[in-house]
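Because the structure is predicted, anything quoted here is derived from the model rather than measured.
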Amino acid sequence: MKKNHFWLLAALLAGKGLLAQNTQQDSLKVQQLDEVVVSDSKFELKRENSGKTVIQITAKELERSQGKTVAEIINTKSGIEIAGSRGRDGDVLGVYARGGRGRQVLVIIDGVRVSDPSTFSQEYDLRLLSPTNIASIEIIKGAASTLYGTNAATAVINITTKRSSKKDISGSFSTSIGTNQTAEDQNYDLGNISNAVNVNGTLNKFNYTVDFSNRYKSGLSAAVTPDNEEDVFSHYSTNVRLGYQFSKDFEVSVYGNQTKFSNEYDASNADAPNLGKNEQERVGLSSSFTYGKGSLHLNTALTDYETNSKDTFGESVSEGSNWVLDLYNKFVFGEQWHTILGVNYIKDEAVFSEDVDFTIVDPYANVVYVSDFGLNLNAGLRLNNHSEYGNHVVYNVNPSYVFQTSNGYVKLLGSYATSYITPNLTQLFGAFGGNPDLEPEENRTIEGGLEFKVNDRLRLSTVYFDRNEKNAIGYDVNFRSINIADEIDANGVEVEAVWFPFDALTIDANYTFTERKGDNAIRIPKHKANVTLGYQLCEKTNVSLSYAYTGQRFDTDFVSFMDVELDSFSLVNLYLGHELISNKLNVFLAADNLLNEDFTEIIGFTTRGRNFRLGLNLNL
C-alpha cells in the first residue's frame, strides 16, 4: 500500500470525527480517579488506602493499543524498561524493572505464577502473551514476595483475562493490518496482521468464554543486515474457560490455554534454518467460596513448555513444566482489619540429561489495617520452604497516612520489604556448572513517597526507592554456579501524573530516574519519560498522541566484547479511533514512530521506523 493511501485514510477518519462535533461535549463523562487496586493486598481497596502506587492498565487502554504487544504496552509505564519491545516482534525481550533483571519480575495470570523452568533465567516469555484476551493489568513495583513468593523482587505484573458477559451469547471480532518496516526502508508493504475472535455468555448458572487470536509479522530482519532479509514471526493462541455458579457464595471455573509461536532469527550461518518454535499448554482451576465476612480462594494450574530450535549448531529441544497451587483465606474483622492466610505450592520440572525437579511449599500471612483517622498499614510474612536449600523468611511493612483535603487527599507512604529468587533448575542441576548447594538470591527494598489527589481531575505521585541485591548467582573460574559475594545497589525516583484539564482532554505522564551500581548495568536507561495526550474530538471520535523518551544507556557489543554507550532517542505515536455504530463497530488508525526516528535499542538488532496500522473492532 502506498504512503499517500495511509495519509488519505487518516484524513478521512479525522474529517468524519470533526464533522460529528455537533454532539454536546457536556455529555462526555469525566474519568474518575477513585480507582480500586488489588495487587498489593489481594483485597479490593480504594487507591487512597493502598500503601503503593499501583499502575493500572484498563480495558480501555488495551483497546486503544490494538495491534501492539503486551511488552510494548507495559514499556510505557514508570520504572520499567523492556528492551526489544521496539524492535522486530519475535526478538527476545529483556525486562528491567527498577534497575533489576528479568528473573526479578514475576508474571501472574489469573492468580497463578507463570514461568518456564526449562530456560536458564526461568522468567516468563512475554512473547507468549496475547493482549486480545486480557481484561486488565495491574503492576505493583518493589519487593512483593510475602504475597507472591519467588521472583517478586522488583515488580509483579498481574494479568486478568476476559470473563463472560451476562448475556446468553455475545461475541467480538477484531482485526488490524499495517506496515512493518525500518526507518531506512520505508517501503509501506503490509507485513503486520493480527486477528482475534471471542464468543462468551452466561446460561443460567453456567458461563463460558472461547477465544482465538493470531498475529503475523514479516518484512524485518532480526539482525541489522545490508539486505534486511526478513525473519517471519507468527503467533497463535486459543483459550477456553468454563464456569459454574453453584450458589451466590460458591463458584468454580476451569480453563485451558494453548499458545504457539514460530520465530525466524539470524545466526552466524545464514544458510541454516535458524527457526525457533515455542509452545505453551496450560490447564487450570479457580474457585471461591464466600461466608460471612470471609472467603476461601483456590487458584491452581499445570503448564507445559516446549522450545525447539534449529540453527547453525543443529537442533535442540527443551521441555519443562510447573504445577502451581495457591490456597488462601480472606477475612475482614470489624471493617478495618483485612487478613489473608494462605499456602503456596510450586513444583518445577525440566528435562536435561535426566528429569530434574524441585518443590516449594510456602505458608504466608498478610494483614491490612484501614483506620478511620487516616492511618493504613500493610504487613506480611512468608516462610519459604524449598526442597533443595531449606527455609528462608521474607516480610514486608508498608505504612501510609492519608490527609483528607476539601476535594481529594494527600497520602504519605513508606515501605520496607524483602524478597527472594530461587536458583533455577539449570543452576542447580544443569550439565554445565550445576550446583545443588546454591542459596536463594535476596533483595531488600526501601520506599518512600507522596501521592496527592488534588481533585477528581488531577492526581500526582512520586516515589523514591532504594534496592539492594545480594547472594546473586553467577560463576566461578571453572564456570560452576555460585552465590556471588558482591552486592548490587539500585535506587531511583518515579513520578506519575494524571490530569483532566477539561472533560475531553486527558494527560497521562511519567518520569523515571534509575541508577544501578555494582556491575555494568546494561540496557537500563538512567532517564526515561512518557507523555500521552488523549482528546475526545466528539462523542464518537477520539485521538491520542504519545511521546516516549529513552535516555542514554550501555549495551555490550559482542563483536568487541566492550560496553558501548547508546544514544538517547524519542518516539512519537498517534492513535485515532472512531465509533461507526454505537457499542458495535469501532475503527482505528495508528501511527507508530511518526517522526521516523532511526535509533538503536540493542546493538546489532533491528528497530522499527514509521509504521501504520488500520483496524476495526466488532461487538455482537
Can [X] and [Y] be counted as having a side-chain donor-acceptor contact under 3.5 angstrom?
X	Y	answer
Asn200	Asn198	yes
Asn133	Thr161	no
Thr238	Gln258	no
Ser39	Glu138	yes
Ser164	Thr209	yes
Ser213	Ser237	no
Thr179	Asn611	yes
Thr146	Asn396	yes

Could you tell me whether the side chain of [Y] reaches within less than 4.5 Å of the side chain of [X], counting heavy atoms only?
X	Y	value
Ser170	Ser165	yes
Leu325	Asn344	no
Ile139	Ile74	yes
Asn586	Leu580	no
Asp362	Val343	no
Arg613	Ile177	no
Val156	Ile108	yes
Ser295	Phe331	no

Ring-plane angle category for [X] and [Y], please: parallel below 30°, perpendicular beyond 60°, tilted otherwise.
X	Y	result
Tyr244	Phe246	perpendicular
Tyr328	His297	parallel
Tyr401	Phe373	tilted
His338	Phe43	perpendicular

Please give me the minimum heavy-atom distance between [X] and [Y], naming the atom from each residue.
X	Y	result
Gln245	Ser247	NE2-O, 2.7 Å
Glu61	Ile73	OE2-CG2, 4.5 Å
Ile109	Leu129	CD1-CD2, 3.7 Å
Ser582	Lys540	CB-NZ, 3.8 Å

Would [X] and [Y] pass as an ion pair if we require N to O under 4.0 Å?
X	Y	answer
Glu496	Lys77	no
Asp110	Arg163	yes
Arg86	Glu72	no
Lys141	Glu494	yes
Asp40	Lys52	no
Lys162	Asp211	no
Glu306	Lys277	no

Matching residue for Tyr409 among Lys453, Glu451, Gln404 - test: side-chain hydrogen bond (donor to acceptor under 3.5 Å, both in side chains):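 Of all the options given, the one that passes is Glu451.
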Answer yes or no: is there a donor N or O on one side and an acceptor on the other, between the side chain of [X] and the main chain of [Y], under 3.5 Å?
X	Y	answer
Lys330	Lys42	yes
Gln66	Thr175	yes
Thr300	Val324	yes
Arg127	Gly90	yes

Centroid separation [X] to [Y] less than 6.0 Å:
X	Y	answer
Phe261	Tyr236	no
Tyr345	Trp323	yes
Phe500	Phe502	no
Phe233	Tyr216	no

Can you tell me how far [atom2] of [Y] sits from [atom1] of [X], rounded to the nearest 0.5 angstrom?
X	Y	atom1	atom2	answer
Gln280	Thr259	CD	OG1	5.0 Å
Ser288	Phe250	OG	CZ	8.0 Å
Asn158	Ile140	CG	CD1	9.0 Å
Ser130	Asn239	OG	CG	7.5 Å

What do the steps show when you test Asp503 against Arg457 for side chain to side chain contact (heavy atoms under 4.5 Å, CB included), and what is the final call? CA-CA 9 Å; Asp503 287 0; Arg457 293 182 179 271; 2.6 Å; yes
Steps toward side chain to side chain contact (heavy atoms under 4.5 Å, CB included) verdict (Ile82, Leu126): CA-CA 10 Å; Ile82 303 183; Leu126 294 179; 4.0 Å; yes
